[in-house]
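Structure, as structure tokens:
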Amino acid sequence: MQPPFPSINFKTELNEEQYAAVTAPPGPALVLAGAGSGKTRTLTYRVAYLLHEGVQPYEILLLTFTNKASLEMLERVEDLTGVSRRYLWGGTFHSISQRILRIHGELIGLKRHYTILDEGEAETILKSVIQAIDPKFIKSKNYPKPKVLANLISYARNTCRSTREEADDRYPFLEGMSEKIEQFYQGYQESKLKQQVVDYDDLLVYLLRLLKEQPDIRKQYGDRFKHILVDEFQDTNRLQSDIIDLLCGHHQVMAVGDDAQCIYTWRGADFNNIMRFDERHPGTQIHKIETNYRSSPEILALANAVLNAQPTSLGYSKELRAVKPSGERPYFVPVMDTRGQARFIIERIKGLVDEGRDLSEIAVLYRAHFQAMDLQMELTRLNIDYQITSGVRFFEQAHIKDFTAQLRFASNPADVCAFSRFACLLPKVGTKTAERIHKFTLERASKLEKNFCDVLTTEEVLKKVPSEAKEEWSSLAETIKEISNALDEKSPNELVQLALDGWYSSYIREIYPNWTERADDLQSLISFASRYETMEELLAQLVLLASESNERTPEEARNCLRLTTIHQAKGLEFPVVFIIGLADGTFPLKRTIDTGDLEEERRLFYVAITRAMEELYMSYPMLNQQGNQVMRLNPSRFIQEVEPSKYETLRIAPTRGY
């Protein structure tokens, strides 16, 4: 069938690098598309080129990571070629998997009308399985909660490891834990199959199993999809790459990605997938697309220098080349501390607005959420509108509010709302139960003429607590009592430290899969608290800041400053970018320095730099205050590795001294 569209002049519509990739002969190809180089355009034109060459629409499989990316590419192909998108097999790995499983799932025990669970529903099934196998497990303070186990199971499956191996790595100090988790996992799988429901990971796991166990099906789809194209290949995990390998025995596969933007290994992405693609697909042609349409030559010179500092064996060599005219060199800005950093950014933003910039053209990027705390406070104080791409504002986060509630209550035991907030975190404790416990404790304290928080730890109160919560209650009550008794003796930052040493720090480990990030957020409250003389002042600020709303109408969101983690900024671009907290210990983070896992941090810095189109500011706080201690920080090693000629150092006069 000849394509129903007029001939496209691929030569004139693409640059030389894109044209070489788009018109590559059949066979395995790895397209290394640098940041801002037109990756989507290349993929779209590749599909159009294949159609132009007489390949049938149903013979092409396009795999993407988001539905949005898939829709965008298929719409562009339709616009280019006139071939309706419904004739093309394009979508996320999960959507394509479920499409194939609807047809052939019965061969592996999955009936056609199976349903897909959302995250909450999957966790509910896992929880009921755990309760059926070992009722005491969930009640135990020392064991991970179902949400954390669900994360562990998901990570193990996506990296093709056994849950036993993953549990051994995460809980080596808990004897017999790996066997127990393996037991839960098997029960979880059986329960889902019995109900004919699947979770998100099952879609990929079952497809891989189908392709392995049913050679006829594997051949059917291998013959059907004569060309397979994979977007964002650096983000694929082991499970996804195994599916691709089985589907394309013919090796007619084009993988498009950028090893320098592999920043999701913590989520299961396998860096080796892109680095060893040519080993799995012999005869691979490598195409490099290095012409960048986004950033100025000066910004790209810095990005290239950062990339060149990585060990040679840990990435493909590439050199981004600019199309845009020359501009200013990136600025490296040493500031006194995080408050000085916030003041500098706001002053510069005011200048940019005076120069004619819209707030929506400016983004502030950071490695971890807590690093933007001072900036958020200052923006709020000055009524400068901003939006957080990476979630809720710092003081609105659940773990910050849960922790603050403990401080509030220790300072004011009459605060039933605060009491209810943290008490309801315990199993089987709802609002009514929390209020009953509070009322009983209040009456006992009044009768005994004792401090409320002292009575909280007594046996009489413990009897009113549901049995499932008793173990944790003792630790929680003891923490509240310690804070309460130290109110007159210790400073606010010492009281925060005391609270951090107590119950909540162990609680978040069991509850949140990303507990390390949340622990960093909580740790930053020590420095924040040191600014206040009294607990009353600190609590007033915490409550006021937490009441700020991040809700924006679409119109408001279009016209405000953007604050975001670098992970959330991937794929975005802004005329002006600020990268904050560029000190060793904050970027790269201290825990990555301790574990020696620095290369992903370097790639993250590269991603941050390449978001900037025209102006780039990188700020480095020289001092960090932890309680009463002021620590000197060093500039990030990623900046120290780069020739100083690649940036301009901007000296800011300090506005105050310690």
Without swapping roles, check the side chain of [X] against the backbone of [Y] for a donor-acceptor pair under 3.5 Å.
X	Y	result
Tyr200	Ser154	no
Arg85	Glu75	no
Asn292	Leu320	no
Asp235	Ala269	no
Asp358	Ser360	no
Glu298	Gly327	yes
Thr236	Ser241	no
Arg46	Ala24	yes
Asp521	Phe370	yes
Asp385	Cys560	no

Do Tyr366 and Phe578 have their ring centres less than 6.0 Å from each other? no
The criterion is side-chain contact (heavy atoms from CB on, under 4.5 Å); which residues satisfy it with [X], sequence neighbours excluded?
X	result
Asp597	Thr595
Thr64	Leu62, Ala69, Ser70, Met73, Thr92, Asp231
Thr284	Pro28, Leu30, Phe277, Asp278, His281, Ile286
Ala309	Arg602, Glu641

Are Arg343 and Val335 close enough that some pair of their side-chain heavy atoms sits under 4.5 Å apart? no
Under 4.0 Å between a side-chain nitrogen and a carboxylate oxygen: does that hold for [X] and [Y]?
X	Y	answer
Glu290	Arg321	yes
Lys39	Asp258	no
Glu599	Arg603	no

Within a 6.0 Å radius of atom CD on Glu355, are there more than 12 heavy atoms belonging to other residues, nucleotides or ligands?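 Check passes, neighbour count above 12.
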Would you indicate whether Arg357, at its atom CZ, is surrounded by more than 12 heavy atoms from other residues, nucleotides or ligands within a distance under 6.0 Å? yes
With sequence neighbours excluded, residues passing ring pair (Phe, Tyr, Trp, His ring centres under 6.0 Å) with [X]:
X	answer
Tyr647	Phe332
Phe403	none
Phe344	none
Tyr49	Phe10

How would you list, by chain and number, every residue that makes a salt bridge (charged side-chain N to carboxylate O under 4.0 Å, His left out) with [X], sequence neighbours excluded?
X	value
Glu537	none
Glu13	none
Asp520	Arg591

What's the spacing between Lys147 NZ and Tyr512 OH if we round to 0.5 Å? 8.5 Å
Rounded to the nearest 0.5 Å, what separates atom OH in Tyr45 from atom CD in Gln18? 9.5 Å
Given Phe605, which partner from the list Val306, Thr610, Leu307 fulfils the side-chain contact (heavy atoms from CB on, under 4.5 Å) test?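 Considering Val306, Thr610, Leu307, a side-chain contact (heavy atoms from CB on, under 4.5 Å) with Phe605 is found only for Val306.
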My understanding is that only one of Leu572, Ile388, Ile362 makes a side-chain contact (heavy atoms from CB on, under 4.5 Å) with Arg562; could you say which? Leu572
Using a distance-only test with no angle check, is there a side-chain donor-acceptor pair under 3.5 angstrom linking [X] and [Y]?
X	Y	value
Asp169	Tyr155	no
Gln234	Glu232	yes
Ser317	Lys288	yes
Thr291	Glu17	yes

Which residues satisfy the side chain to side chain donor-acceptor pair (under 3.5 Å) test with His567, sequence neighbours excluded? Trp266
Name the residue from Glu517, Glu601, Glu600 that meets the salt bridge (Lys or Arg N to Asp or Glu O under 4.0 Å) definition with Arg367. Glu601
Scanning both residues in full, the closest heavy-atom pair of Ile580 with Ser619 reads CA-OG, 3.4 Å
